[in-house]
Amino acid sequence: MKPGARIGPRTSRAELAAIVCRALAAIDDEPVLVGGAVVSIYSDGRYVSDDLDFVSWRDERRRRPVMEAL
């Protein structure tokens with residue numbers, strides 16, 4: 001996916017995770033993808049997760065506007 005690309009119905013889990021990570025990096029956050037989505041990405045879809053779970057040290061008040069903008 002190209003930098004600045006938009007989220008759409010064909011966006012893969014891996015692409016969506018990268019979009020979120022890039023957006024949060026702009027506020028000096030370092031999110032880490034964890035959980036079922038990681039298994040789904042690394043197993044090439046063999047196991048399916050319907051969400052993306054991230055851990056982050058950044059205060060939610062700083063993250064919220066970034067996530068809402070996506």
- Say you draw a straight line from OG of S40 to CG of L33; how long is it, rounded to the nearest 0.5 Å? 10.0 Å

- Message: Among residues at least two apart in sequence or on other chains, which ones pass side chain to side chain contact (heavy atoms under 4.5 Å, CB included) with D51?
- Response: S49, D53

- Task: Working to the nearest 0.5 Å, report the span between CG of D29 and SG of C21.
- Result: 9.0 Å

- Message: Under 4.5 Å between side-chain heavy atoms, counting indirect links through other Ile/Leu/Val/Met/Phe/Trp/Tyr residues: same cluster for F54 and I27 or not?
- Response: yes

- Message: Tell me the closest heavy-atom pair linking A37 and L52, and the distance in Å.
- Response: CB-CD2, 3.4 Å

- Heavy-atom closest contact (R10 atom, E15 atom, distance): O-OE1, 3.9 Å

- Do V34 and V48 share a hydrophobic cluster (ILVMFWY, side-chain heavy atoms under 4.5 Å, transitive)? no

- Got a second to check how far R6's CZ is from T11's OG1, nearest 0.5 Å? 11.0 Å

- Those residues at least two apart in sequence (or on a different chain) that pass side chain to side chain contact (heavy atoms under 4.5 Å, CB included) with R64 are E60, E68

- Query: Is there side-chain contact between D50 and R13, with heavy atoms separated by less than 4.5 Å?
  - Reply: yes

- Message: Would you compute the distance between atom CG of L70 and atom CD1 of I7 and round it to the nearest 0.5 angstrom?
- Response: 5.0 Å

- Give a yes or no on whether D44 atom CG has more than 12 heavy-atom contacts from other residues, nucleotides or ligands under 6.0 Å away. no

- Note on the structure: By side chain to side chain contact (heavy atoms under 4.5 Å, CB included), Y47 pairs with (sequence neighbours left out) V39, S43

- Note on the structure: CZ (R63) and CE (M67) are apart, to the nearest 0.5 Å, by 8.5 Å

